[in-house]
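Single-structure report; data block below.
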Amino acid sequence: ELALAPVPDVPAGGHRLLANYPNPFNPMTRIPYDLGNEAGSVNVRLEILDMRGRLVKRLVQGHQATGQRYEALWDGTNESGLQMASGTYVSRLQVDGIPQSRFLTLVK
């Protein structure tokens with residue numbers, strides 16, 4: 001079952017998942033996120049999930065430098081490249097295993 005974590009005002013480590021734009025979207029949305037101010041790099045995973053918590057698409061996976069804003073694009077497709085149905089999805093950012101989530105809406 002999917003567990004959503006609210007985005008705190010001052011997130012742990014200074015990492016923050018920001019609201020995607022546009023939202024609702026068609027055909028593409030941008031998902032910005034900040035990676036804290038400490039020096040170094042962190043392990044980052046950004047995924048799109050359906051409302052049951054199943055993976056739709058992995059947008060980012062790997063180490064990224066901290067102290068920067070990043071932006072991922074989602075075109076409404078799944079891992080196989082198939083277009084997803086209209087509906088509400090979840091963007092989930094995990095930084096060193098700590099998750100943050102937000103809702104996004106795909107409209108056709």
Report the residues that fulfil side-chain hydrogen bond (donor to acceptor under 3.5 Å, both in side chains) with N23, sequence neighbours left out, ordered by chain and then residue number. N20
The test is side-chain contact (heavy atoms from CB on, under 4.5 Å); show your working for Y89 and L49 and say whether it passes. CA-CA 6 Å; Y89 294 88; L49 309 173; over 6 Å; no
Side-chain heavy atoms under 4.5 Å apart, restricted to Ile/Leu/Val/Met/Phe/Trp/Tyr: what other residues fall into the cluster of Y21, or is it alone? none
If you compare all heavy atoms of H63 against all heavy atoms of N43, which two are closest, and at what distance to 0.1 Å? CD2-N, 3.8 Å
For N78 and V56, indicate whether the former's side chain and the latter's backbone hold a donor-acceptor pair under 3.5 Å. no
Least distance between heavy atoms, P22 atom then T29 atom: O-OG1, 2.9 Å
Taking all non-hydrogen atoms of both residues into account, name the closest pair between H15 and G36 and its distance. ND1-N, 3.0 Å
Between T77 (side chain) and L82 (backbone), is there a donor-acceptor pair under 3.5 Å? no
E47 side chain vs S91 backbone, donor-acceptor pair below 3.5 Å: no
Can you name the closest pair of heavy atoms from M51 and T88 and give their distance? CG-O, 3.2 Å
Main-chain N/O of M84 paired with K108 side-chain donor or acceptor, under 3.5 Å: yes
Atom OH of Y70 and atom CG of L93: how far apart are they, to the nearest 0.5 Å? 11.5 Å
Shortest non-hydrogen pair, R92 vs S101, comes out as CG-OG, 3.7 Å
Contacts of type side-chain hydrogen bond (donor to acceptor under 3.5 Å, both in side chains), residue Q64, not counting sequence neighbours: Y33
Interatomic spacing from CD1 in I48 to CG in L104 - rounded to 0.5 Å: 5.0 Å
When you measure from the side chain of Q100 to the backbone of L17, do you find a donor-acceptor pair of N or O atoms at a distance under 3.5 Å? yes
Check V107 against P24 and note the closest heavy-atom contact, atom names and distance. CG1-CB, 3.9 Å
